[in-house]
There are 2 protein chains.
Amino acid sequence: MARSSTRPTSRDVAHAAGVSQAAVSLVLGDKWRGRVSEPTAERVRQAARDLGYRPNLAARNLRLGRTRTVLLVVPALTTEFFAGVYTGAARVAAEHGFGVVLYPSPEGIGPARDPFASAQAALDGVIASSMAADALTDIRGDQLPLVMLDSDPAGSLGAATVNLDIADGVRQVTEHLLGLGHRRVLHLAADVPSWTFDIRARELAARMAAVPGTEVRTARAPISIDGARTATEAALTAPGPRPTAIVCDDDKLAAGAYKALRRLGLRIPDDISVTGLDDLALATAIDPELTTVRLDAELFGEHGMRALLAVLEGHSPDNGDIPVQLVVRGSTAPPPTP
Amino acid sequence: MARSSTRPTSRDVAHAAGVSQAAVSLVLGDKWRGRVSEPTAERVRQAARDLGYRPNLAARNLRLGRTRTVLLVVPALTTEFFAGVYTGAARVAAEHGFGVVLYPSPEGIGPARDPFASAQAALDGVIASSMAADALTDIRGDQLPLVMLDSDPAGSLGAATVNLDIADGVRQVTEHLLGLGHRRVLHLAADVPSWTFDIRARELAARMAAVPGTEVRTARAPISIDGARTATEAALTAPGPRPTAIVCDDDKLAAGAYKALRRLGLRIPDDISVTGLDDLALATAIDPELTTVRLDAELFGEHGMRALLAVLEGHSPDNGDIPVQLVVRGSTAPPPTP
DNA sequence: GCCTCCAAGTGTTACGTATAACTTCCCTCC
DNA sequence: GGAGGGAAGTTATACGTAACACTTGGAGGC
């Protein structure tokens, strides 16, 4: 049969179909109406099929000077949420003929390796989570179009930002707890420097401060179940009146709080209420099911991709935070009557 | 806002350093010892730094005819486990100057879109989970080197396979339960056609059949907490003697079983024991903590990558299943005395 | 003084593709 | 019967890089 070992090129297809390489490019690129006759086009397509021809992407990318490929930089840890982000981004990308390549910034210690060295695909642009901020310096070095997810609009050096309306989520949580009668709250905060966590603390403090006689204490923990358990135990065994509710920066922290409370013999929600943020699968796996804020990860990814496409086309993306929704489940109730 | 309209090329660097493009290529490619003097080399490096030069990967890939990039095809659903697989594979890849690109096969209905169209990077090889098997036909069409993860060695059409020793994990679970005195077991099976699940059923049945007076019933559920809850409730309210233990195909199914048992008013492990498989974060978030089989996802990824590198170099990879380890926690105990 | 050898480069080419510019042939219209 | 025009292609080129083959200017050997 044909020459083996090496992949067939468009020239091989051309030879097999008895036409020039240019004709093959026209036909397979779907730009042949009025330039190549239908029978000839069919002959080319048949030859391509017979040879199992696949265009060489490196060559195409070089020729076109663009790759229709975009990099999504995400933290390696919180995988469930960012799987949703990827799904949404990839869907929108596919609609526009783009591909998405993931760069999970390694969760080990130390700064992320250069994402461009690691994700060796040639790229048109980058979407980056602010939680993978250690990779950011590398990225800014390049002049690649960049969209930041959940990043401080003021501190993003001119990059476009797409944000979930976390502040509103925290507002909903706070109103919910205040409405139930809670006044002493423990804030179980993620021990990760990131704007998206800063904003939680700020909003919670502001909302609570607006009501007289309230108090917010803060405990910091790494984002892991064990870390959260330890921090919660320490906070609750400290002197002073016990909080009647724990507001957690995310669902994983809430799962850790559950374990601490169980150890301390406190019942949820009778003795103490707990809230999360994310609405992961975890939230309905634990008992009682967690009152939390649902973040629509896929919608987040879709908006991120759309923003990047806008930047690539020279428009400025339309901002506007993505709404989030409180989901009330069994982990919150009025505080115990003393 | 110096919109440098085009990215600098190696020719620009050459011009800035007063040398030829070839010299730039030699210096930056680290192949210059004895070919370029040290002062000149330093001038080139400085010019590259000044201009912010980054080699065009499309051009390099085209020239070299290889990309040092590998595709990892994973199912979009079970993200935590495959995050670990990615981490391990990426670590080994980096040691050999390779990059890894993820293709999470879309979890929607219908066959996966062509991964090569979607992950538009040019590729040297592919590692694919058998759980993303719907993408497999596309892959086999190409002649790309392929390594399958957790796939039937006999049915993989000659592709190399790397497998966890799931059979041994199930054996350990079964011995554990038999040792505690359990004789009637419910197998909560994943309703997903995949060799890795088939093997669980086969091994469980074989081990139980070796002991007289035992019985295995099977319930099938999609891999979701709600699906597992429904299936478990149905199985436990069916007529006949109630099983004293539930063996789940993975941890997520076990979480669903927990919810069903709580609804039915059955205590774990006093009334009924439960086991999982994976050892996700979920396993220690639920109460009581889950007895399960720890799969070392990172080690799995490392072995997969090593196997692919071997194939790329023309060797045949050394097979041998990856060991797994039973982790006994609070969800298993002797059956209740009647 | 001539040959050889080596260091330190330069000139050139090919990788596979997409497309602008050109050619050829044939048909139509005045 | 010549001008014009469209259909159906082909030829030629550039994208940015890596590497082979070649040049040049001395230093050293005999």
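In what follows, every chain begins at residue 1, and chains take the letters A, B, ... in the order their sequences are listed.
- At whole-Å resolution of the value, CD in A:Glu38 and P in D:dA7 are 15 Å apart.
- Taking atom CG of residue A:Leu26 and atom P of nucleotide C:dT19, one finds them 8 Å apart after rounding to whole Å.
- Not one side-chain nitrogen or oxygen of B:Ser37 sits closer than 4.0 Å to the OP1 or OP2 atom of C:dA8.
- Straight-line distance from the CZ atom of A:Arg33 to the P atom of D:dA7: 13 Å, rounded to whole Å.
- Taking side-chain N and O atoms only, B:Thr9 has no distance below 4.0 Å to OP1 or OP2 of D:dG16.
- In plain terms, the two heavy atoms of A:Ser151 and A:Thr161 that are nearest each other are O-CG2, 4.0 Å.
- If you check the side chains of A:Asn61 and A:Thr67, you find no donor sitting under 3.5 Å from an acceptor.
- Annotation: of the two residues near DNA chain D, A:Ala22 and A:Gly34, the 5′-most nearest-nucleotide partner is A:Gly34.
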Could you give me the CA-CA distance, side-chain angles and deciding distance for B:Trp32 and B:Val44, then say whether side chain to side chain contact (heavy atoms under 4.5 Å, CB included) is met? CA-CA 12 Å; B:Trp32 59 281; B:Val44 168; over 6 Å; no

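- Per the geometry, CG belonging to B:Asn56 stands 17 Å off P belonging to C:dT17, to the nearest Å.
- Looking at which nucleotide of DNA chain C each of A:Ser25 and B:Ala59 is closest to, the 5′-most match is held by B:Ala59.
- OP1 and OP2 of D:dA18 both lie 4.0 Å or more from every side-chain N or O belonging to B:Ser10.
- Following rounding to the nearest Å, B:Arg63 (CZ) and D:dC20 (P) show an atom-to-atom distance of 8 Å.
- In the set C:dT10, D:dA19, C:dT17, the nucleotide with an atom closest to the side chain of A:Arg11 is C:dT17.
- As rounded to whole Å, 13 Å separates atom C1' of D:dA19 from atom CZ of B:Arg60.
- With contacts defined as side-chain heavy-atom distances shorter than 4.5 Å, the pair B:Thr9/B:Asn56 does not qualify.
- Atom CD of A:Gln21 is separated from atom P of D:dA12 by 13 Å (rounded to the nearest Å).
- A:Arg43 has its CZ atom 7 Å from the P atom of D:dG9, to the nearest Å.
- Residue A:Val24 is classed as having no contact, given no heavy-atom separation below 4.0 Å to the nucleic acid.
- The residue B:Arg35 sits close to a base: some heavy atom pair falls under 4.0 Å.
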CA sep, side-chain torsions, deciding dist, call: A:Gln46, A:Arg43, side-chain hydrogen bond (donor to acceptor under 3.5 Å, both in side chains): CA-CA 5 Å; A:Gln46 186 58 49; A:Arg43 235 168 52 238; over 6 Å; no

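- Residue contacts shown for A:Leu62 include a base, since a base heavy atom lies under 4.0 Å away.
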